[in-house]
Amino acid sequence: MEVCGEAAGRYPSNYNAWSHRIWVLQHLAKLDVKILLDELSSTKHWASMHVSDHSGFHYRQFLLKSLTSQTVKDSSVLEQNPLRSEPALLLPQDEAAAASTEEPRINIPHLLEEEVEFTTDLIDSYPGHETLWCHRRHVFYLQHHLSGSFPHSVTQLSTADSPVGTSSDLHHIPTGPRTAQAMEVDGLSDSSKQGYSQETKRLKRTPAPDSVGLEMEHRFIDQVLSTCRNVEQARFANAYRKWLGTLSQ
Amino acid sequence: MKLFSLSVLYKGDPKAVLLSAAYDVSSFSFFQRTSVQEFMTFTSQLIVERSAKGNRASVKEQEYLCHVYVRNDSLAGVVIADSEYPSRVAFTLLEKVLDDFSKQVDRIDWPVGSPATIHYTALDGYLSTYQNPREADPMSKVQAELDETKIILHNTMESLLERGEKIDDLVSKSEVLGIHSKAFYKTARKQNSCCAVM
């Protein structure tokens with residue numbers, strides 16, 4: 001892990017280093033929940049100091065996705081219900097009422113909410129970094145995906161509406177299909193381990209994403225547009241608004 | 001996001017005089033560090049010489065951004081950062097440093113000073129503190145006093161030069177670059193490889 005951190009520090013957007021880190025988590029740590037949580041908190045500062053490092057943020061997306069799918073897997077009771085309304089997810093660690101597993105209960109909605117705040121803070125502090133806006137899309141998607149809000153469509157996460165090659169943040173992304181799946185080769189390739197794609201099929205689907213969540217995002221976009229003086233920032237904010245619009249289609 | 005150097009200079013006529021500087025070359029490999037430092041000094045001086053009084057500018061060179069502020073009284077500051085570092089904070093830093101410097105060092109010492117003769121030790125501290133922009137300047141995202149449209153943006157070092165001038169010539173004539181650095185520069189240019197600093 002130290003090697004990965006060292007390599008990541010030396011070369012910007014080091015896909016290899018971060019992929020290797022994911023591999024270590026999958027094969028050596030077996031995606032242990034405690035370790036995932038530790039990684040989430042220990043990479044937070046690094047990410048905040050490397051705001052155009054797409055691979056670093058992709059790593060956080062991987063961690064959040066893994067935690068989400070593991071929570072869904074462990075709590076088989078919750079399969080049929082939207083996770084938001086299920087209090088069992090919020091059980092404190094020392095009162096593990098559900099006897100199925102000894103693992104610590106994790107509050108996924110809270111984690112995602114924290115990630116949104118983290119992203120908001122960075123977007124406000126460092127205007128004009130596409131990576132941050134891209135990250136926000138992923139987190140928003142995860143939040144509303146939990147409640148079965150959208151049909152499973154990973155391709156919409158890409159920043160395909162920005163012209164290829166103009167953003168230095170994304171220069172390392174393969175020029176093939178510019179979708180989130182291109183970056184998630186390691187995360188999704190072994191779906192039986194992740195149980196991710198199977199879960200998405202089981203979650204209920206409603207036609208439109210949660211309107212409260214959408215409203216908050218639109219308010220955020222308005223606030224950014226009204227105060228920002230950075231041309232790029234305005235462009236990303238508008239692209240994000242357009243993307244949100246595509247979700248209800 | 002990273003800061004590599006912070007320098008205070010006096011824009012003399014025709015040359016710029018280095019008065020005080022701080023460097024962070026820890027991210028460079030051990031054997032490159034001296035050369036990198038020399039190149040940063042060379043670059044800072046060149047930028048100040050080619051910038052007019054009362055101006056702020058950002059000069060892009062490969063993955064580095066050099067921010068310069070030349071005051072009307074000819075005191076100038078240059079900070080060399082990476083492209084992630086927010087330029088707003090960089091200019092706040094320059095303003096602060098020059099203000100502090102002018103209070104601590106007599107004006108009379110500026111035109112003929114050098115790091116050896118000038119007593120000013122705060123730059124290392126500033127450089128280190130400002131490595132984390134949010135800790136150093138928490139209000140920077142709120143206070144947008146600086147009109148960003150007035151900052152001149154140069155996409156390469158070349159755009160600072162006069163017609164016919166070449167960086168290669170300036171490098172070989174430079175007094176701040178050691179023989180090793182000049183040789184390193186020549187080799188890198190010949191190989192057309194990405195020269196570490198220039």
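Every chain is numbered from 1, with letters handed out A, B, ... down the list of sequences.
Remark: B:Arg71 engages B:Asp73 in a salt bridge, criterion side-chain N to carboxylate O under 4.0 Å. Between B:Arg56 and B:Glu95, at least one side-chain N (NZ, or NE/NH1/NH2) sits under 4.0 Å from a carboxylate O, which counts as a salt bridge. The pair A:Asp222-A:Arg241 meets the salt-bridge criterion, with a side-chain N (NZ, NE, NH1 or NH2) lying under 4.0 Å from an Asp/Glu carboxylate O.
Both the backbone and the side chain of B:Asn132 have a heavy atom closer than 4.5 Å to some heavy atom of chain A. Of the two parts of A:Thr227, neither the backbone nor the side chain holds a non-hydrogen atom closer than 4.5 Å to a non-hydrogen atom of chain B.
Applying the ring pair (Phe, Tyr, Trp, His ring centres under 6.0 Å) rule to B:Tyr120 yields the partners B:Phe101; only residues at least two apart in sequence or on another chain are considered.
Among the residues in residues 39-47 of chain A, those with a non-hydrogen atom closer than 4.5 angstrom to a non-hydrogen atom of chain B are A:His45.
Ring pair B:Tyr130/B:Tyr85: centre-to-centre distance not below 6.0 Å.
Counting only heavy atoms from C-beta outward, the side chains of B:His154 and B:Ser51 never approach each other to under 4.5 Å.
For A:Glu115 and A:His135, the side-chain atoms include at least one donor-acceptor pair closer than 3.5 Å.
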